[in-house]
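Below is one structure, written out as structure tokens; the observations come after it.
Throughout, numbering of the chain's residues begins at 1 and tracks the sequence.
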Amino acid sequence: MRTRDFHGTPVGAVGLGCMGMSWAYSPAERDDAASIALIREALDLGVTFLDTAQVYGDGHNETLVGRALKDRRDQAVVATKTGLVVDDAATHAMHRDGSPEHVRRSAEESLRRLDTDVIDLFYLHRIDPEVPLAESWGAMAELVEQGKVRRLGLSEVTVAQAEEAHRIHPVAAVQSELSLWTRDALGAPGAMAGGGVDSGATAASEGVGDVVGWCRDNGAVFVPFSPLGRGFLTGTVTSTDFGDGDFRSGNPRFQEEALKANMRIVDVVRAVAERHGATPAQVAIAWTLAQGDHVIPIPGTKKSRYLRDNAGAADLDLTAEDLAELDTIPAPEGSRY
């Protein structure tokens with residue numbers, strides 16, 4: 001697989017989001033042994049940028065990643081996150097806690113669950129509106145000084161928030177949703193930051209801004225999550241019949257009328273894929289890669305065939321004509337949360 005640079009460390013151009021192995025998507029299909037095997041297969045394929053978080057399965061996902069990396073820890077760059085606390089794992093309810101006390105305590109918990117001496121990339125999962133960013137970020141910077149964390153990142157922030165943190169300690173990465181049907185991080189008009197957490201907190205009052213461009217200009221990696229539109233852009237989601245516990249069942253874009261209207265987006269992606277002898281998933285991921293050499297998408301999967309399909313996107317070169325056609329894709333029906 002082609003590689004991209006993560007602050008001096010080559011990593012696979014396509015990473016792996018591990019969340020779905022523990023919660024949010026089809027929980028009835030959870031299989032720890034299969035997921036551990038999948039993560040190890042990912043390393044064999046060159047997919048070495050792994051993403052987890054404390055709230056994914058209320059600690060389960062970190063433990064899973066730690067078990068998978070037993071005797072192979074040096075082959076992966078591992079990212080995890082702080083700043084969110086699970087209230088009810090069954091409903092994915094959680095709240096924000098960016099207090100320095102929580103940051104320090106949760107880092108120790110993550111180190112233990114991951115069974116590692118150091119976290120390669122530690123994100124603030126969401127900014128806590130009740131805690132000044134400087135306090136949360138300052139506590140995270142202390143972890144770097146102590147050698148417990150190598151680099152720091154932010155998730156779902158505005159350009160202004162990234163700049164504020166960067167003045168205190170370098171922002172190594174920003175993770176936000178980016179895909180052919182969610183372009184907020186490119187500075188889409190009216191885009192708002194900080195969504196997706198049932199915390200009672202409002203989104204930032206200012207627009208997100210061009211976060212992808214900010215990362216490029218400030219030496220940070222941009223990490224798109226959900227580059228496949230939560231599976232929709234693969235063309236395989238054709239009904240609203242999701243299993244119990246699958247959070248897409250309540251997502252506005254996956255309601256029946258919106259789902260039907262949004263199929264026109266898949267039609268464009270499929271047409272580009274057919275020209276290249278590729279899959280729609282590969283086109284969707286390749287589009288995110290085309291947004292800059294500093295972009296490392298992290299599609300998630302629990303299945304080997306999808307892992308291999310996603311990894312193949314690293315070798316797909318979209319033409320200028322392809323990108324122009326994909327840029328004509330209409331805005332989706334329904335909000336993203």
Test of understanding: with salt bridge (Lys or Arg N to Asp or Glu O under 4.0 Å), list the residues that count as partners of Asp117, not counting sequence neighbours.
none
Check: [Y] and [X] side chains under 4.5 Å, non-hydrogen atoms:
{"X": "Lys148", "Y": "Glu108", "result": "yes"}
{"X": "Arg230", "Y": "Glu177", "result": "yes"}
{"X": "Leu43", "Y": "Leu69", "result": "yes"}
{"X": "Pro297", "Y": "Leu289", "result": "yes"}

Under a plain distance cut-off of 3.5 Å, with no hydrogens placed, do Thr182 and Arg253 share a side-chain donor-acceptor pair?
yes
Within the 3.5 Å criterion, strictly below it, is a donor on Gln175 or Ser155 matched to an acceptor on the partner's side chain?
no
Does any N or O in the side chain of [X] come within less than 3.5 Å of the main-chain N or O of [Y], such that one atom is a donor and the other an acceptor?
{"X": "His125", "Y": "Ala53", "result": "no"}
{"X": "Asn61", "Y": "Cys18", "result": "yes"}
{"X": "Glu62", "Y": "Leu114", "result": "no"}

Which residue, Thr234, Leu45, Thr279, Ile285, forms the side chain to side chain contact (heavy atoms under 4.5 Å, CB included) with Asn310?
Ile285
[X] with [Y]: basic N within carboxylate O range, under 4.0 Å:
{"X": "Arg104", "Y": "Glu142", "result": "yes"}
{"X": "Asp115", "Y": "Arg67", "result": "no"}
{"X": "Arg264", "Y": "Asp267", "result": "no"}
{"X": "Asp120", "Y": "Arg73", "result": "yes"}

Show your reasoning for whether salt bridge (charged side-chain N to carboxylate O under 4.0 Å, His left out) applies to Asp309 and Lys303.
CA-CA 10 Å; Asp309 189 34; Lys303 300 182 185 300; over 6 Å; no
Partners passing side-chain hydrogen bond (donor to acceptor under 3.5 Å, both in side chains) against Ser226 (at least two apart in sequence or in another chain)
none
Output all residues satisfying side-chain hydrogen bond (donor to acceptor under 3.5 Å, both in side chains) with Glu101, sequence neighbours left out; order by chain, then residue number.
none
For Ala258 against Glu333, the heavy-atom pair lying closest together
CB-O, 3.8 Å
Nearest heavy-atom neighbours spanning His102 and Val85
CE1-CG2, 3.5 Å
By the salt bridge (charged side-chain N to carboxylate O under 4.0 Å, His left out) test, which pairs, at least two apart or in different chains, include something from residues 274-302?
Arg4-Asp293, Arg275-Asp322, Arg275-Glu325
Hey, can you tell me if Trp181 and Phe232 have their rings parallel, tilted or perpendicular (30° and 60° cut-offs)?
parallel
Indicate if Val295 and Leu326 have the same hydrophobic cluster label, given that clusters are the connected sets of ILVMFWY residues with side-chain heavy-atom separations under 4.5 angstrom.
yes
Side-chain donor-acceptor contacts of residues 132-140 below 3.5 Å, not counting sequence neighbours, with atom names and distances?
| from | atom 1 | to | atom 2 | distance (Å) |
| --- | --- | --- | --- | --- |
| Ser136 | OG | Gly98 | O | 2.5 |
| Trp137 | NE1 | Ala165 | O | 3.0 |
| Trp137 | NE1 | His169 | O | 3.1 |

Could you name each residue pair satisfying ring-ring contact (aromatic ring centres under 6.0 Å, His included) that touches residues 267-305, not counting sequence neighbours?
none
